[in-house]
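A quick write-up on the structure given underneath.
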Amino acid sequence: MSDNPYSTAVLAWYETNARDLPWRAPDASPWSILVSEIMLQQTPVVRVLPAWQAWMERWPTPADLAEEPSGEAVRMWNRLGYPRRALRLHACAVAITEEHGGEVPSDHATLLALPGVGSYTAAAVASFAFGQRHAVLDTNVRRVLARAETGIEYPPKTQTKGEVALAESLVPGPPSVAARWAVGVMELGALVCTARSPKCADCPIAGQCAWRLAGKPAHDGPPRRAQTYAGTDRQVRGRLLAVLREAEHPVPKDALDAVWDDGVQRERALDGLVSDGLVDPLDDGRFALPG
DNA sequence: AATGCGTGGAA
DNA sequence: TTTCCAAGCAT
């Protein structure tokens, strides 16, 4: 697997079209790249940018964050969503400080063992921070490969082994080229081969795209999961945690009861937050972010 | 393997 | 207004 039919075109496209993102700066530290990757899990770039800046100013190294209570990470996470990621990023900082001499590990398997670091993030950090050769398969790349190679509009809902094998077969041989391919094909998916209204006129591989060549057949199969939010436990959890994030001090139960009427659901959500480690029930009956 | 887990912007 | 979806992970 030394090359693939698209790599030259994608690499050239990336050279002139890449966004100037701070975690892509030549002097970006592995830690700053890891922080960006955790934040970018399911949160758009535009919302991550200011949060990442503030985070890196406050905690420039893993040791800086590891010194703080995990609740400070949850508070700093603010409204990025999925706040368990903040807890896991804090746990990453502790593990890196205590087990890896304060340096983000470069080995893929070691990265994978860190809290909140899965297959994608381990490959991304190994590739972007350390220039290694890995298949970096995120939602953008899955969509590009579904279209260009498989000829379908959208990839399957859950990642398949076939997709992984395909992605691996396309990784260029030399690590430095592989790393640029990884970021380039991801950027192509983010900017051109988008989920809705792909900009095929601007696509460097449009001439080789199986989906476009087939006339862009519409998505076949069940409609793609419409996620409801209003009224869910997720919404309740969000409201409860927002109260604690914005409070300077531990809050009485009344303050939490005020944000959701359904007591059964409210208790279930609060219990969930406690068992996740996002909320600390104090002995005096009040609640706080974890210390 | 399917589900749960936040939030906000765009169409 | 509603729907979609945005660099996933853990269980």
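Values reported hereafter were calculated over all heavy atoms of this structure, with side chains retained and with hydrogens, waters and symmetry mates removed. To find a chain, count down the sequence lines: A is the first, B the second, and so on, and within it residues start at 1.
With both ends at atom P, the span from C:dC9 to B:dG8 equals 23 Å, rounded to whole Å. Across B:dC5 and C:dA7, the matching P atoms stand 22 Å from one another, rounded to whole Å.
Taking atom CG on A:D276 and atom P on B:dC5, their separation rounds to 8 Å, with Å as the unit. Nucleotide C:dG8 holds its C1' atom 11 Å from the CH2 atom of A:W77, rounded to whole Å. A straight line from CD of A:Q159 to C1' of B:dA2 spans 15 Å, rounded to a whole angstrom. Note: CG (A:L80) to P (B:dC5) measures 19 Å, nearest angstrom. Atoms NZ (A:K157) and C1' (C:dA6) sit 18 Å apart, rounded to a whole Å. Here the C1' atom of nucleotide C:dA10 and the OH atom of A:Y82 are 13 Å apart, to the nearest Å. Taking atom NZ of A:K161 as the reference point, atom P of B:dA1 lies 7 Å away to the nearest angstrom. The nearest whole Å value for the distance from the CG atom in A:L89 to the P atom in C:dC9 is 13 Å.
For A:A63, the side chain to side chain contact (heavy atoms under 4.5 Å, CB included) partners are A:T61, A:T97, not counting sequence neighbours. Judged as a side chain to side chain contact (heavy atoms under 4.5 Å, CB included), and not counting sequence neighbours, A:D271 has no contacts. In this structure, A:R245 has no salt bridge (charged side-chain N to carboxylate O under 4.0 Å, His left out) partners at least two apart in sequence or on a different chain. Take A:P69 and apply the side chain to side chain contact (heavy atoms under 4.5 Å, CB included) test, not counting sequence neighbours, and it matches A:E72.
Using a distance-only test at 3.5 Å, with no hydrogens or angles considered, a donor-acceptor pair links the side chain of A:R85 to the main chain of A:M39. Side-chain N or O atoms of A:R147 include none that pairs as donor or acceptor with a backbone N or O of A:A210 at under 3.5 Å.
Counting heavy atoms from C-beta outward, A:R237 and A:D276 have side chains that approach closer than 4.5 Å.
For the segment residues 16-49 of chain A, residues with any heavy atom less than 4.0 angstrom from an atom of DNA chain B are, sorted by number, A:Q42, A:T43, A:R47. Across residues 102-121 of chain A, A:P115, A:G116, A:V117, A:G118, A:S119, A:Y120, A:T121 each have a non-hydrogen atom less than 4.0 Å from an atom of DNA chain C (numbered order). For DNA chain C, the residues of residues 138-155 of chain A within the heavy-atom distance limit of 4.0 Å (strictly under) are A:D138, A:T139, A:N140, A:R143, A:Y154, sorted by number. Less than 4.0 Å separates DNA chain B from no heavy atom of any residue of residues 179-187 of chain A.
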For residues 194-209 of chain A, run the donor-acceptor check on the side chains, cut-off 3.5 Å, and write out each pair with its distance to 0.1 Å, sequence neighbours left out.
residue	atom	partner	partner atom	Å
A:T194	OG1	A:R196	O	2.9
A:T194	OG1	A:S197	O	3.3

May I have the list of side-chain donor-acceptor pairs in residues 282-291 of chain A shorter than 3.5 Å, sequence neighbours left out?
residue	atom	partner	partner atom	Å
A:D284	OD1	A:R286	N	2.9
A:D284	OD2	A:R286	NE	2.8
A:D284	OD2	A:R286	NH2	3.0

Can I get a per-line list of side-chain donor-acceptor pairs under 3.5 Å for residues 171-180 of chain A, giving both atom names and the distance, sequence neighbours left out?
none

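Within the nucleic acid shown, A:A124 has no heavy atom closer than 4.0 Å to any nucleic acid atom. At a threshold of 4.0 angstrom between heavy atoms, the contacts of A:L241 with the nucleic acid are absent. Using a 4.0 Å heavy-atom criterion, one finds that A:R79 contacts the sugar-phosphate atoms exclusively. Contact annotation for A:R88: backbone-only contact, meaning every heavy-atom pair under 4.0 Å involves sugar-phosphate atoms and none involves a base. Among the protein residues, A:R268 comes within range of no part of the nucleic acid, since none of its heavy atoms lies under 4.0 Å from any strand.
Listed by first and then second residue, the ring-ring contact (aromatic ring centres under 6.0 Å, His included) pairs involving residues 64-113 of chain A are A:W55-A:W77, A:H108-A:H134 (not counting sequence neighbours).
Note that CG of A:L241 and CZ of A:R84 are 12.0 Å apart. Values are rounded to the nearest 0.5 Å. Residue A:E37 holds its CD atom at 10.0 Å from OG of A:S32, rounded to the nearest 0.5 Å.
Not one side-chain nitrogen or oxygen of A:R85 sits closer than 4.0 Å to the OP1 or OP2 atom of B:dT7.
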- Take A:V251 and A:L244 through the test side-chain contact (heavy atoms from CB on, under 4.5 Å) and record every step on the way to the result. CA-CA 7 Å; A:V251 304; A:L244 299 181; 3.2 Å; yes

- Message: What verdict does the side-chain contact (heavy atoms from CB on, under 4.5 Å) test give for A:M186 and A:V136, after you've listed the backbone C-alpha separation in whole Å, the side-chain angles of each residue and the deciding distance to 0.1 Å?
- Response: CA-CA 8 Å; A:M186 194 180 308; A:V136 181; 3.4 Å; yes

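For the pair A:G189 and A:R196, nearest-nucleotide mapping onto DNA chain C gives the more 5' position to A:R196.
For A:R234 against B:dG6, a side-chain-to-base donor-acceptor contact under 3.5 Å is present.
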